[in-house]
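A short write-up of the structure that comes next.
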Amino acid sequence: AMHHTMTWPFLLLAVSCSAATPKLGTYLVDTSTISVSGLSSGGYFAVQFHIAFSGTINGAGIIAGGPFYCAHGDVETALHACMVSPDLISVRALVDITDATAATGTIDNPKYLADDRVYLFSGTLDSVVVPGVMQKLSEYYSAFLVGSGASLMEEFNIPAEHSMVTDDFGNTCDDFASPYINNCSYATAYRILQHIYGDIAPATSNDTIPQNMLEYDQSEFFLDVPEAISMDSIGYVYVPTACKNKTRGETCETFSFKGLFVLSGLQCVICISRSTGVSKEGSMSATNTH
């Protein structure tokens with residue numbers, strides 16, 4: 001990604017739909033340390049965001065997602081090729097589409113992906129987004145991560161169903177049931193952050209403070225009412241105490257934009273919630289795993 005030498009305030013505002021749901025706050029972050037990650041549709045969203053804004057994003061953690069523009073705007077392709085029939089995915093075609101789209105200025109130049117760090121996870125038992133789809137994503141990223149600083153890491157050997165995999169919380173590893181958080185004795189959230197940001201210590205049970213998990217109104221970010229596009233009106237942001245107390249001229253070390261599940265306790269994190277989606281308690285449980 002294109003790293004900026006300046007540190008800017010990262011301002012995200014939302015109009016509250018009710019008195020009980022506050023606006024998303026303003027936090028000062030270092031724009032050279034922004035990463036994205038997500039699970040399932042959030043994984044696909046994170047890839048789309050990473051590719052489209054590669055000049056800003058410097059890393060990604062994808063769980064059960066797939067390549068940029070996989071569906072070609074077609075629902076049938078999305079539900080079949082991009083989920084259960086990966087042999088129908090042409091990585092070469094998607095790479096060419098990425099380059100052509102960048103040439104129009106619609107997305108950032110993929111040259112900014114060259115030195116990014118990407119972590120991919122697919123459970124061997126995933127029946128929703130089968131492992132072959134993630135293999136296609138690995139091939140796709142390999143076409144762009146060509147710099148000396150790039151790193152693509154795969155974990156495709158854990159016997160997990162479609163879920164957020166943790167090392168100490170959730171359903172059994174092969175279960176496919178709400179809240180889709182499975183205990184496979186593997187700290188996926190920590191592994192993602194460690195790969196993207198380097199040598200960080202695993203969290204302890206005291207590192208996550210429930211009061212730092214805040215609700216915000218995410219309605220402003222949608223052109224339609226949230227329910228019409230299978231989204232919830234409420235999202236969650238985990239803001240560590242150190243980030244809350246930053247003043248002008250000081251920044252949080254890193255900031256991540258997450259899809260579906262909150263994965264970070266180290267960083268200021270925004271979580272976008274689907275209408276079927278994630279509870280505050282489920283988010284906190286996922287956060288506690290790293």
Side-chain angles (χ1 to χ4, degrees), residues 1-8 10-12 29-38 40-83 85-120 129 132-154 192 195-196 221-224 229 255-259 270 272:
M2 176 176 59
H3 298 299
H4 304 283
T5 56
M6 294 180 65
T7 300
W8 301 335
F10 197 97
L11 180 62
L12 294 171
V29 300
D30 182 346
T31 57
S32 70
T33 60
I34 301 175
S35 69
V36 293
S37 62
S40 193
S41 60
Y44 267 104
F45 177 79
V47 172
Q48 296 287 120
F49 197 91
H50 185 199
I51 304 305
F53 298 97
S54 59
T56 300
I57 306 302
N58 74 340
I62 311 301
I63 305 167
F68 177 82
Y69 204 65
C70 180
H72 297 265
D74 178 70
V75 173
E76 287 300 312
T77 301
L79 294 177
H80 292 94
C82 301
M83 295 181 71
S85 300
D87 289 344
L88 300 177
I89 300 173
S90 170
V91 173
R92 182 68 261 169
L94 296 177
V95 169
D96 290 343
I97 288 170
T98 304
D99 289 332
T101 306
T104 70
T106 308
I107 64 174
D108 286 351
N109 191 317
K111 70 180 182 181
Y112 296 125
L113 294 165
D115 290 308
D116 284 3
R117 302 181 67 83
V118 175
Y119 181 97
L120 306 178
V129 180
V133 176
M134 285 291 287
Q135 292 284 1
K136 293 290 186 176
L137 177 58
S138 180
E139 293 174 30
Y140 174 84
Y141 267 123
S142 294
F144 296 108
L145 302 181
V146 296
S148 59
S151 180
L152 179 63
M153 179 175 287
E154 303 172 351
I192 289 172
H195 180 67
I196 295 174
F221 301 107
F222 311 127
L223 298 178
D224 205 339
I229 54 173
F255 180 91
S256 292
F257 179 74
K258 309 292 184 185
I270 296 177
I272 302 295

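Starting from 1, each residue takes its place in the sequence as its number.
- The distance from the CG atom of N58 to the CG atom of D115 is 10.5 Å, given to the nearest 0.5 Å.
- Legend: residues meeting ring pair (Phe, Tyr, Trp, His ring centres under 6.0 Å) with Y141, ordered by chain and number and at least two apart, are H50.
- Between L88 and A81, the shortest heavy-atom contact is CB-CB, 3.7 Å.
- Separation of atoms CD1 (I192) and OG (S35) is listed at 8.5 Å; rounding is to 0.5 Å.
- Checked against side-chain contact (heavy atoms from CB on, under 4.5 Å), A143 has the following partners two or more places apart in sequence or in another chain: V95.
- When all heavy atoms are compared, the tightest approach of L145 to L152 is CD1-CB, 4.0 Å.
- Note: I63 CD1 to S40 OG = 10.0 Å, rounded to the nearest 0.5 Å.
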F144 vs D99, side chain to side chain contact (heavy atoms under 4.5 Å, CB included): CA-CA, chis, key distance, verdict: CA-CA 10 Å; F144 296 108; D99 289 332; 3.6 Å; yes
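- Contact record, P110 with A102: CD-CB, 3.4 Å, taken as the closest heavy-atom pair.
- Shortest non-hydrogen contact noted between I57 and F49 is CD1-CE2, 3.8 Å.
- Contacts of S148 classified as side-chain hydrogen bond (donor to acceptor under 3.5 Å, both in side chains), with partners at least two apart in sequence or in another chain: none.
- The shortest non-hydrogen separation linking G65 to V133 is O-CG1, 3.4 Å.
- With sequence neighbours excluded, the residues that form a side-chain hydrogen bond (donor to acceptor under 3.5 Å, both in side chains) with E154 are S138.
- The side-chain hydrogen bond (donor to acceptor under 3.5 Å, both in side chains) search around T101 returns none, not counting sequence neighbours.
- The backbone N or O of G59 lies less than 3.5 Å from no partner atom in the side chain of H195, so there is not a single donor-acceptor pair.
- Judged as a side-chain hydrogen bond (donor to acceptor under 3.5 Å, both in side chains), the pairs with a partner in residues 87-96 (not counting sequence neighbours) are, in order, R92-D96.
- The two residues I89 and C70 come nearest to each other via the heavy atoms CD1-SG, 3.8 Å.
- Pairs engaging residues 62-74 under the side-chain hydrogen bond (donor to acceptor under 3.5 Å, both in side chains) rule: D74-T77 [sequence neighbours left out].
- I107 CD1 to F53 CZ: the interatomic distance, rounded to the nearest 0.5 Å, is 10.0 Å.
- The line from NZ of K136 to SG of C82 is 11.5 Å long, rounded to the nearest 0.5 Å.
- Under the rule for a side-chain hydrogen bond (donor to acceptor under 3.5 Å, both in side chains), the partners of Y140 that lie at least two apart in sequence or sit in another chain are T98.
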